[in-house]
Amino acid sequence: MKITNILLEGDAGSGKTQLTKALSADFGLPYTKVTCFADMDKSDILGSILPVLKSDREDNNIEYQYYPSEIVRAYENGWILEIQEPTVIRDAAVLMALNSALEPDGSINLPSRIVHRHPDFIAVITTNRGYNGCRPLNEALRDRVQHAEKMDLPPIEVMVERAAAKTGCCDVELLRVFAQAIVMLDRTARANAIKGVAGMRSYFYWVDAVLQGNDAVKSLYHKVIYKITTDSDEIALLEQAMSNHGTIEALEAVVSQHGRTGSEILELRADGNFEALSPALDKDSPPAVALRRSADSEGESNSSPENSAQTQSSDTGDDGVPMYHELQPEEQEGLEREKSAFRKRLNQQARAAVKSSAHEKIGMIVHRPESTAAHRQEYRQIASALMPVIRELTRKTEPLLEHEVSVELSGNRVFGTKFHAEKVASPDFRHFSKKRPPEEEPSLAVALRIDQSASMNAFGRLAAAKRAAVAVYEFCESCGIPVLIYGDTADRSPKEKMSMYSYIDWEEPKLNDKYSLMAIQSISNNRDGMALRILAEKLANATQTTKLLISLSDGQPKAMPDYTGAHAKDDMKRVIHDYSRKGVLFLAAAIGQDKETICDIYGQERFIDITNLEQLPTRLVQIIAKYL
């Protein structure tokens, strides 16, 4: 059977279009393409009937004429047609118009005639895998493909051969080392669910930049790494992988060994000028450019200034270690004033929330912990282990967010015009959907409350709580979900009967320090009802439609002098009842031995039993994603 329908699936720059053009040249058939877009409709597939005003007619009557699409022209004349990125089309039914056309003896019904498939027509569908805005290819269309290719990076030797032909570089060893770096970065990005691509285009651009006289390591960042990602944490992961594989050392060695060939040496001087030295040329030497530091140039110092105690992080260095830029004294004073004012406002809000309740006279302070260098290092270690799972969940969630914004119907409503029977089992009564204005966006706010009682220090519960906090923050941040992360403990001192720790607060995002989550520690008792009331009040005042409060605890409430037993349970139940009527959804993640008591307080429908602490971060993120 003749192969006439081909699917090429792979990352950007993997050679899908070039392979299609190579087939065109090999078969001697004209090549054309159509690039799909989100709002594509059937007229873009089949062609359009457009009004035409004949200038030579006196009556100025308008006639209508059919204009075939590029797809129809290729189909009718026997060309090679590349259909680029059909997975971005929002309406999946659009490409179904091609289902019958892709049959060996297929045809297309046009407004003016029926077009039969030309015997030489070849359809090549090229698509990326798992990119933003992409959806799975229609199964019926995919089934009509006769041959599919998974387009990955080619072997090292093939990469070297292509780069030599593309850039004119004849230094095989340099090309091989560069290709190995590209392959390593691509695999690292995939392993850590980093969405960017290190492909053949980046490889060519990097080699060409070095041939133009740029530093190999610096151009690696601008031509490859920053095309993969500009996120500091993700760059740190790539830099760590380069360090483990000795990539930088290999680059410096190959440039030093092979760079000083029969070509110009550009001597860079401290004043920014340069001189070109032209040694005797060896006719067998490949073309290249080598860089040499001028004799009057001073070395780079890694020592930090004495007055750099107050700094803020904005980037990472070549070795993955964060670089800190010194704050000016007036900037530091202004920042401290903002922090102090915000801390004061949080204390006022907390006291107002418990006014007229049983906790009104309880001495309380809301703290805003700050991170240390050790906290930043610990956060990066935890985040590096969790980010692959978080990014995968984010990747699956983003199409849902796009769907919510782009379509007319909005689901998960307590009232609406369309009833969804499959939602009846859900206890939240959100069984309807209704039409939504175009400007309305998904609406979810999340609060995570962490019990910081002394018992959390046992059996790895505190470490699990930290991992859960990192996972919730990173997921909500990547999806644009407003999030609160607070901890609390009781009886820290005779005067401070209640302590609240505001780690992340949506009111002042610029003052949030995500690394402070590593300052979570187990301290003393727990006055759960008071903490729930404060966070529930903040959620109730939020403008979002869905308001989710997750309480992470290992035991039942207990605080001095008599906040325990039935009294404490009744207080928590009262808070849950009162704020549930205000639209706050409560969930209790129980990680200790008092699971039955926690389940009794919150109710079976609000209870999550976390038996395996290793699964806690993933479970919480999955639960949040379900409410989108």
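As a basis for the values below, the full set of heavy atoms in this structure was taken, side chains included, without hydrogen atoms, waters or symmetry mates.
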Test side chain to side chain donor-acceptor pair (under 3.5 Å) on Y602 and S551 and set out the steps.
CA-CA 10 Å; Y602 285 87; S551 176; 3.3 Å; yes

Which is it for H367 and E496 under the side chain to side chain donor-acceptor pair (under 3.5 Å) test, yes or no, and what are the steps along the way?
CA-CA 12 Å; H367 302 271; E496 190 175 339; 2.7 Å; yes

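Screening K514, R467, K466 for a salt bridge (Lys or Arg N to Asp or Glu O under 4.0 Å) involving E378 leaves a single residue, K466. R391 pairs in a salt bridge (Lys or Arg N to Asp or Glu O under 4.0 Å) with only one of the listed residues (E477, E234, E474), which is E234.
We find the OG1-CD1 distance between T489 and I450 to be 13.0 Å, quoted to the nearest 0.5 Å.
In this structure, a donor-acceptor pair under 3.5 Å is absent between the side chains of D491 and S524. Side-chain contact, D451 with S453: a donor N or O sits under 3.5 Å from an acceptor N or O. With 3.5 Å as the limit, one finds no donor-acceptor pair spanning the side chains of N512 and Y473. Checked by atom type, the side-chain pair K227/S202 shows a donor-acceptor distance below 3.5 Å.
A salt bridge between R343 and E508 is absent, with no side-chain N of the basic residue lying under 4.0 Å from a carboxylate O of the acidic one. The residues R351 and E360 are annotated as not salt-bridged, no charged nitrogen and carboxylate oxygen being separated by less than 4.0 angstrom. A salt bridge links K538 to D505: one of the charged nitrogens lies within less than 4.0 Å of a carboxylate oxygen. Salt bridge K510/E338: present, at least one basic N to carboxylate O contact under 4.0 Å.
Here Y515 and H375 keep their ring centres 6.0 angstrom or further from each other.
In this structure, F475 and L386 have side chains that are not in contact, with every pair of non-hydrogen atoms separated by 4.5 Å or more. In this structure the side chain of R461 reaches within 4.5 angstrom of the side chain of D554, judged on heavy atoms.
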All N/O donor-acceptor pairs, side-chain side in residues 573-591, below 3.5 Å, sequence neighbours left out:
unit_1, atom_1, unit_2, atom_2, d
Y579, OH, E537, OE1, 2.6
S580, OG, I576, O, 2.5

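Applying the salt bridge (Lys or Arg N to Asp or Glu O under 4.0 Å) criterion to R449, with sequence neighbours excluded, gives D488, D528.
Other residues, nucleotides and ligands contribute more than 12 heavy atoms inside 6.0 Å of the CZ atom of R345.
Side-chain atoms of N347 come within 3.5 Å of backbone atoms of V366 as a donor-acceptor pair (strictly under, hydrogens ignored).
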